[in-house]
Structure formats: C-alpha cells, structure tokens
Colleague: 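Handing you a structure now.
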Protein chains: 2
Amino acid sequence: MDNFDDILDNIKRYVPLNKKDEAEFTSIIQVKKVKRKEFIVEPDRTCTHQTYVLKGAFRSYFVNEDGIDHTIQFAIEDWFISDFNSYINQVPASLYVEALEDAVVQQIAFGDVEDLCQNNPKFERFFRLVAQKSFAFAQRRVLSNLGKSAQERYIEFQGQYPSIVQRVPQYALASYLGMTPEFLSKIRKRLATKS
Amino acid sequence: MDNFDDILDNIKRYVPLNKKDEAEFTSIIQVKKVKRKEFIVEPDRTCTHQTYVLKGAFRSYFVNEDGIDHTIQFAIEDWFISDFNSYINQVPASLYVEALEDAVVQQIAFGDVEDLCQNNPKFERFFRLVAQKSFAFAQRRVLSNLGKSAQERYIEFQGQYPSIVQRVPQYALASYLGMTPEFLSKIRKRLATKS
DNA sequence: CTAAAAAAATGAACTAGATTAAGAAATAAG
DNA sequence: CTTATTTCTTAATCTAGTTCATTTTTTTAG
C-alpha cells in the first residue's frame with residue numbers, strides 16, 4: 001500500500017498526531033509518479049498543490065527574459081516543494097518545478113489544506129511552524145547572498161547539504177548559488193588543488 | 001489612551017476579530033518609545049518580542065567579520081520587525097534592529113504569542129498567513145538578488161517602496177540592495193542625468 | 001545659529017566574476 | 001554496446017561593481 005509514514009513523521013516533528021488526525025491528513029493526499037525532466041509546476045499555470053518528495057529529487061527555478069535560469073530551491077526525500085507564491089496566493093506560477101530524477105511524490109491540494117486547517121488546529125499550527133521556519137531559512141539565504149563571496153557560498157552550502165551537492169547537476173547548483181557554472185567549476189578546481 | 005486600532009486593523013486584514021478576540025490580543029501588547037539610533041535587538045541577546053511599528057522607522061541588519069553591514073529589512077508604520085530566526089527559535093540573535101528615527105512601537109512577547117495561538121485558533125491562523133506571506137516575499141527577494149543587476153534592483157525597489165527610499169539613509173538602502181553606497185550614488189546620478 | 005559629525009558624491013585604480021568559445025568527459029537511451 | 005546529447009572544464013577577454021582616498025553636502029545637537 002501507500003507509504004504515508006514518512007510524511008506523517010515529518011508532521012509529527014512539529015505537532016503530535018493521533019490516529020484520527022493521521023487519517024484526516026492522509027485522506028487528502030494524492031500520490032503521483034513523475035519522470036525525470038517532467039514538470040509538476042509550470043509558469044502561468046496556478047500551482048494547485050504542495051508536493052512532498054517520497055523518492056527522487058526536484059528543483060524549482062525561474063527563467064528570466066534573457067533565458068538564464070535561477071534555481072530557487074532543491075528538494076530531495078522528506079522535503080516539500082512548490083511555487084510557494086503561486087500556491088498561497090493561488091495566482092499563476094512564475095517558476096518551473098522539475099524532476100531531476102524519476103520520482104514519487106505525495107501531493108496535497110490548496111483547498112483541502114485550507115479546509116483541514118479550519119477544522120483541525122493541529123494542522124493550522126503545523127503549517128504555521130513550517131512557514132515560519134521557511135521564512136527564517138529564506139532570510140538566512142538572503143544574508144548569505146548579500147554577505148558572502150561565491151566561493152564562501154559554495155563552501156557553506158557544501159557543508160550544509162553535501163547530499164544535494166552530490167546529487168544535482170552542477171549548472172543547477174551554480175544557478176542556486178548565484179554564479180555561472182564556469183565559475184563554480186573554477187572554484188571547485190581551486191579548492192581541490194589547494195588541499 | 002493607547003492606540004491599538006492600527007495593529008488590530010492589520011490583523012483583521014487576515015482574520016475577522018470580535019471584541020473578545022481584540023481584548024485578548026491587546027492584553028499582551030507592551031508599548032515602548034524608542035529613540036533614534038537605539039537598538040531594540042542586538043546580537044547574542046535573544047529576540048524576545050515581535051515589534052509592530054506604530055510611528056517611526058527601523059532597519060534590521062547583520063554585521064559580518066569585516067565590519068560590513070547588510071540590511072535585512074526595513075520597517076515603517078504598520079510593519080512588523082524582529083530578528084525572526086532568533087524570535088521563533090528563541091536562540092541568540094545575529095542581527096541588530098535599530099531605530100532610524102524616534103519611534104513608538106507595540107511589542108508582543110514570544111511566550112504570550114504562543115499561548116494566544118494555542119487558545120485562539122484565529123491567531124494561529126493569522127500568524128500562519130503572515131509567515132506564509134513573509135516567506136513568499138523573501139523568496140521573491142532571493143530571486144531578485146539572483147537575477148537582476150544592481151541598477152534593476154534599485155529601480156524595482158524604488159517602484160515598490162518609494163516612501164522607504166525617501167526615508168532611509170542611502171548607505172542602509174545600498175546595503176539592503178546588495179551594493180556599495182558609492183555604486184548606488186553612481187546609479188542615481190546615471191538615472192537622474194539620463195531623463 | 002553654529003561647530004562637529006554623519007552622510008553623500010566623485011573619480012581613479014582594481015578585481016571578482018561573467019562571457020564566449022571550444023574541447024573533453026560523462027550520461028542516457030535506443 | 002554505441003552514438004547522440006548533456007554536462008563539465010579550460011582559458012582568454014571583458015565588465016559590473018568594489019575599493020580607496022578626497023571633497024562636498026547634509027544633518028544633528030548643543
């Protein structure tokens with residue numbers, strides 16, 4: 001059967017759930033398989049779901065007028081991903097969310113989540129805590145972008161998310177860190193030869 | 001007496017409040033006057049409160065090892081400000097929050113807010129919606145930092161927050177936009193002479 | 001009103017990182 | 001396997017933005 005243990009454990013890191021809560025939550029989950037290079041969100045189409053990654057890897061990114069893309073977020077197992085701005089305001093997306101590997105996801109629809117939150121304060125609380133944590137995280141990223149050099153940003157990310165560094169293409173990582181793939185290549189060489 | 005109308009109106013943009021809700025909320029508000037250049041948050045001291053600006057202007061900023069400061073956020077009337085990471089995790093702050101003008105603020109303590117949220121789902125919901133909006137905003141800022149040139153970032157900010165541009169010192173704005181004050185000066189001259 | 005301090009402007013020299021282009025290596029998918 | 005495609009590397013050139021040093025302007029607080 002479907003494995004909802006991981007996503008429930010994720011929630012239980014923030015709020016305790018009894019069997020009834022669990023049933024309520026799992027009843028709104030939709031499971032989906034996604035092939036590598038497939039999009040689960042695309043610009044101009046409203047992002048209707050939050051996506052929990054059960055297996056696989058994703059990235060969300062923005063493509064600007066010049067065709068250059070900027071990675072907003074990566075997500076591997078046990079992470080949520082979406083075009084959050086599109087999702088919470090239910091307006092057309094500006095991002096792509098693309099599978100970097102064949103993947104299995106568990107999705108929850110905006111309307112279902114809002115209903116759930118209205119009916120069960122535990123979930124309202126869960127989504128508050130997650131949003132607050134996400135905001136604090138995003139602020140740290142702003143700080144890192146403002147204050148650090150390209151090399152320092154790479155080293156910091158590598159220290160914090162070694163599994164992501166190994167798993168995603170270098171051009172995607174470069175675009176997350178705000179530099180060109182060529183420059184990231186140069187940094188890696190510099191770091192490798194130095195030690 | 002104290003004027004709580006503005007802060008209550010702010011909340012009511014997200015959730016409806018009856019008189020009892022209003023009383024519950026205002027009972028935990030602490031009012032404070034702050035002089036220009038005074039800090040309401042400092043590194044290494046835990047940020048115990050969220051601050052609502054009734055009158056005045058603030059900025060939060062980080063000072064790195066080289067003594068260079070990076071502005072994270074501005075706040076004028078009707079905005080909230082804090083070291084959010086310190087506040088929600090109740091860990092020592094890494095930011096300064098400084099008054100740019102003499103100010104009057106209304107503060108709510110972390111513990112009081114958590115109690116309020118547990119007892120009244122309307123406030124849980126309010127803080128969820130605010131956190132989600134803040135997160136979406138922070139993501140847009142990351143995007144803007146990654147994708148745009150210094151001049152584009154300035155023009156964008158100026159279009160979105162003209163009142164802040166006029167009100168805060170240029171060095172603070174430069175440090176928010178991720179450039180040196182000298183370069184911002186150059187951009188402004190370029191834009192002024194071009195038109 | 002005025003002296004002192006803070007903020008902004010200017011310009012010359014410099015550099016981190018981008019751009020371009022081409023070849024090498026890795027990976028995917030028949 | 002094997003070939004087509006995608007990804008990564010390398011190196012030369014270029015530029016947006018920084019640094020540093022000085023001057024001018026604005027603000028502040030007695």
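Predicted, not measured: the structure shown is a model, and the values here were computed from it. Values reported hereafter were calculated over all heavy atoms of this structure, with side chains retained and with hydrogens, waters and symmetry mates removed.
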Colleague: Output the rounded distance in Å from CZ (B:R167) to P (C:dA7).
Modeller: 17 Å

Colleague: So does B:R36 get a side-chain nitrogen or oxygen closer than 4.0 Å to the phosphate oxygens (OP1/OP2) of D:dT28?
Modeller: yes

Colleague: For A:I187 and D:dT10, what is the distance between atoms CD1 and C1' respectively, to the nearest whole Å?
Modeller: 15 Å

Colleague: Would you indicate whether B:K33, at its atom NZ, is surrounded by more than 12 heavy atoms from other residues, nucleotides or ligands within a distance under 6.0 Å?
Modeller: no

Colleague: Look at the aromatic rings of A:F137 and A:Y161 and report parallel, tilted or perpendicular, splitting at 30° and 60°.
Modeller: perpendicular

Colleague: Measure the acute angle between the ring planes of A:F110 and A:Y87, then classify it against the limits of 30° and 60° as parallel, tilted or perpendicular.
Modeller: perpendicular

Colleague: To the nearest Å, give me how far apart CG (B:L173) and C1' (C:dA7) are.
Modeller: 14 Å

Colleague: To the nearest Å, give me how far apart CG (A:D102) and P (C:dA28) are.
Modeller: 10 Å

Colleague: If each of A:K186 and A:P181 is mapped to the nucleotide of DNA chain D with the nearest heavy atom, which maps nearer the 5' terminus, i.e. the 5' end?
Modeller: A:P181

Colleague: Nearest-Å distance, CD (A:Q151) to C1' (C:dT15)?
Modeller: 15 Å

Colleague: C:dA18 phosphate, OP1 or OP2: any side-chain N/O from A:T180 under 4.0 angstrom?
Modeller: yes

Colleague: Identify which nucleotide among D:dT18, D:dT10, D:dT19 has an atom closest to any side-chain atom of B:M179, counting heavy atoms from C-beta outward.
Modeller: D:dT18

Colleague: Out of D:dT9, D:dC8, C:dA8, which has the shortest distance to the side chain of A:P169?
Modeller: D:dC8

Colleague: Carefully, step by step, assess A:L191 and A:Y154 under the rule side chain to side chain contact (heavy atoms under 4.5 Å, CB included).
Modeller: CA-CA 10 Å; A:L191 292 173; A:Y154 171 69; 3.6 Å; yes

Colleague: Between C:dT10, D:dC8, C:dA8, spot the one nearest the side chain of A:Y171, thanks.
Modeller: D:dC8

Colleague: What integer distance in Å separates B:L177:CG from D:dT18:P?
Modeller: 11 Å

Colleague: Can you see which heavy atom on A:F183 is nearest to which on A:A150, and at what distance?
Modeller: CE2-CB, 3.6 Å

Colleague: Applying a 4.0 Å non-hydrogen cut-off, can you work out what B:F183 is touching in the nucleic acid: base, sugar-phosphate, or nothing?
Modeller: base

Colleague: Quick one: A:K37 NZ to C:dA28 C1', roughly how many Å, whole number?
Modeller: 9 Å

Colleague: Name the closest nucleotide to the B:A150 side chain, picking from D:dA11, D:dG17, D:dC20.
Modeller: D:dG17

Colleague: Return the value, rounded to whole Å, for the distance between atom CG of B:D66 and atom P of D:dT19.
Modeller: 9 Å

